[in-house]
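Quick notes on the structure that follows.
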Amino acid sequence: MLHTVPHPSKKRAAALLSLSAVAAALASPVVAAPAPAPAPAPAPAAAAALRWSGCATPRYPTLQCASLKVPLDHDRPAGRQISLALTRVPHTAATSQGPLLVNPGGPGGSGRTLAGFVASALPKDVAAQYDVIGFDPRGVGRSEPALDCGAGHFKPVRPDSVPLDPATEQANLERVRSFAESCQTKHADVLPYVGTVSAARDLEVLRTALGAERLSYFGYSYGTYLGAVYARLHPDRVHRLVLDSVVDPGGVWYEDNLAQDQAFDARHKSFLAWVAQYDATYHLGTDPAAVEERWYAMRTALRSAPAGGKVGPAELEDTYMPGGYYNGYWPALAEAFAAYAVREDPKPLVAAYERFGAVEPSAGNSYSVYTAVQCRDSAWPRDWNTWRADMWRTHAKAPFMTWNNAWYNAPCAFWKTEPLRTPDVTNHDLPPALLFQASEDAATPFEGAVAMHDKLAGSALVVEEGGGNHGVALSGNKCLDEKLAAYLRTGQAADAVCPAQPAPKPATATRAVPPSAGGAALHGLLGFRG
């Protein structure tokens, strides 16, 4: 049965005063009973002390780097070893609260730069108490081996994501099947060990190597699920746990993606309503529905004549999807839309695609890990008829990205590595955790945060009411940032509601991301799709 997520209520703040009631009403249904939590791994053998060396950058002058050996197969700790790339900003206070591991999500996101960002964005007295540790999870970035399954998988112009005829559907199926087969050919020896549970067990090896009795963890997006799985494996090893933009643990991963489709469509409509609000700037109309019609007319036109020979319908969706993650991009996206639809100038649209939608060489690695983790973590439908029926049903309600998202995840329909059962992250043995969530977040809809809050006994949920960005702590909202700092200082937190930051205003010629949007630096590190 299709898992649907209604658009979040604008009056949610009042309901949040009684979160237990909200949890009962809104927690997403679990389609299949999750497996019990995996048995904790035996304590790792005494790991060699990490050797940190300076790798300073102008922005992060105290950054250090190291690498860590971990077993490819944690059930065979003496077998083949792989390496994780690490960064650290050391504590400076006389008394340390230990390591604070940070993760930007994905799966497939590199966390090495995030350490420097978090250490510099936290209040100085808080950052001084922690060794802020960034890491590339197994398979990612500078960790070895790094996955890279299919060069050119996103090369433009791709077939239209919406399969209006059998030939288009077949062309897309051939693309995703080829990617899955390439992964199997290149990385068959590694794929059974690339998944969230293996990555969580890596964190325990890292804790041992750091010589820390307990660790703290701060994860965004997919990083919230990784943190929750680690906490379920080793609740007695958690000092602080911060989860921002929270994955619904009951929908991993097929159901969560269907929920995203509807939430992103609602967020795209919010963007188009914002464009209508500024008709004096963009001249696309004052009626949001009419502006939406013009956006889809642009999409139709690009099917037969891709802009600049690069931007067809699929690439257009790739370009505008980041606006669902961060409204600071709305002015640039609106300008590209207006240039094409009003002035018949495709160049700004091509530039927007190259900035927001085009896949950089490093993205081949991140997408390969994304796919490997998602396909391994849980069972996906193997019958393409199931996908087809679910996607058309969802597309009828949410046409913006349903099919685009389907093809992004469709290699899992052809994945050779057997899936695992998803662990139950319910946890009654943790110290209080702190969750952050924007009420209108598209990538991880609000209901997922409520479900996770309900599973983590004693946790606190801080909601950015009316906010739609994905990743909200350390993005410039003073109310949220103060609650994060207080929690990291003391471990104390309570349910709360913070007002959202103001929506952006149209950009001037000299400023691509208005200061009112906030969070540009953070969202550059978090990336998209996870």
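Position 1 is the first residue of the sequence, and the numbers go up from there. Nothing here was measured: the structure is a model prediction, and the numbers come from that model.
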Evaluate the side-chain proximity of [Y] to [X]: yes if any heavy-atom separation is below 4.5 Å, no if none is.
X: Arg112; Y: Phe135; value: no
X: Trp415; Y: Thr371; value: yes
X: Val311; Y: Pro306; value: no
X: Leu474; Y: Val118; value: yes
X: Leu173; Y: Trp384; value: yes
X: Met452; Y: Leu461; value: no
X: Asp244; Y: Phe218; value: yes
X: Tyr225; Y: Thr196; value: yes

Distance check, rounded to the nearest 0.5 Å: [X] atom [atom1] versus [Y] atom [atom2]?
X: Gln501; Y: Ser475; atom1: CD; atom2: OG; result: 5.0 Å
X: Asp261; Y: Met401; atom1: CG; atom2: CE; result: 5.0 Å
X: Thr87; Y: Arg142; atom1: OG1; atom2: CZ; result: 10.0 Å
X: Phe271; Y: Leu333; atom1: CZ; atom2: CG; result: 5.0 Å

Inset, instruction - Going by the side-chain hydrogen bond (donor to acceptor under 3.5 Å, both in side chains) test, name the single residue among Gln262, Lys269, Arg267 that passes it with Asp265. - result: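 Exactly one option meets the side-chain hydrogen bond (donor to acceptor under 3.5 Å, both in side chains) with Asp265, and it is Lys269.
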Legend entry - Residue that, paired with Trp253, satisfies side-chain hydrogen bond (donor to acceptor under 3.5 Å, both in side chains) out of Asp377, Asn409, Asp248: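 Single pass found, and it is Asp377.
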Has [X] got a side-chain atom pairing as donor or acceptor with [Y]'s backbone, closer than 3.5 angstrom?
X: Asp136; Y: Ser110; answer: no
X: Arg294; Y: Ala341; answer: yes
X: Tyr367; Y: Tyr408; answer: yes
X: Ser245; Y: Gly471; answer: yes
X: Trp330; Y: Pro504; answer: no

Inset, instruction - Scan Val425, Thr224, Leu226 and name whichever one has a side chain to side chain contact (heavy atoms under 4.5 Å, CB included) with Val247. - result: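 The passing option is Thr224.
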Inset, instruction - Decide if atom NZ of Lys186 counts as having more than 12 heavy atoms of other residues, nucleotides or ligands within a radius under 6.0 Å. - result: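 More than 12 heavy atoms, drawn from other residues, nucleotides or ligands, come within 6.0 Å of this atom.
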Legend entry - Thr168-Asp165 side chain donor-acceptor pair, cut-off 3.5 Å: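 Judged by distance alone, the side chains do pair up.
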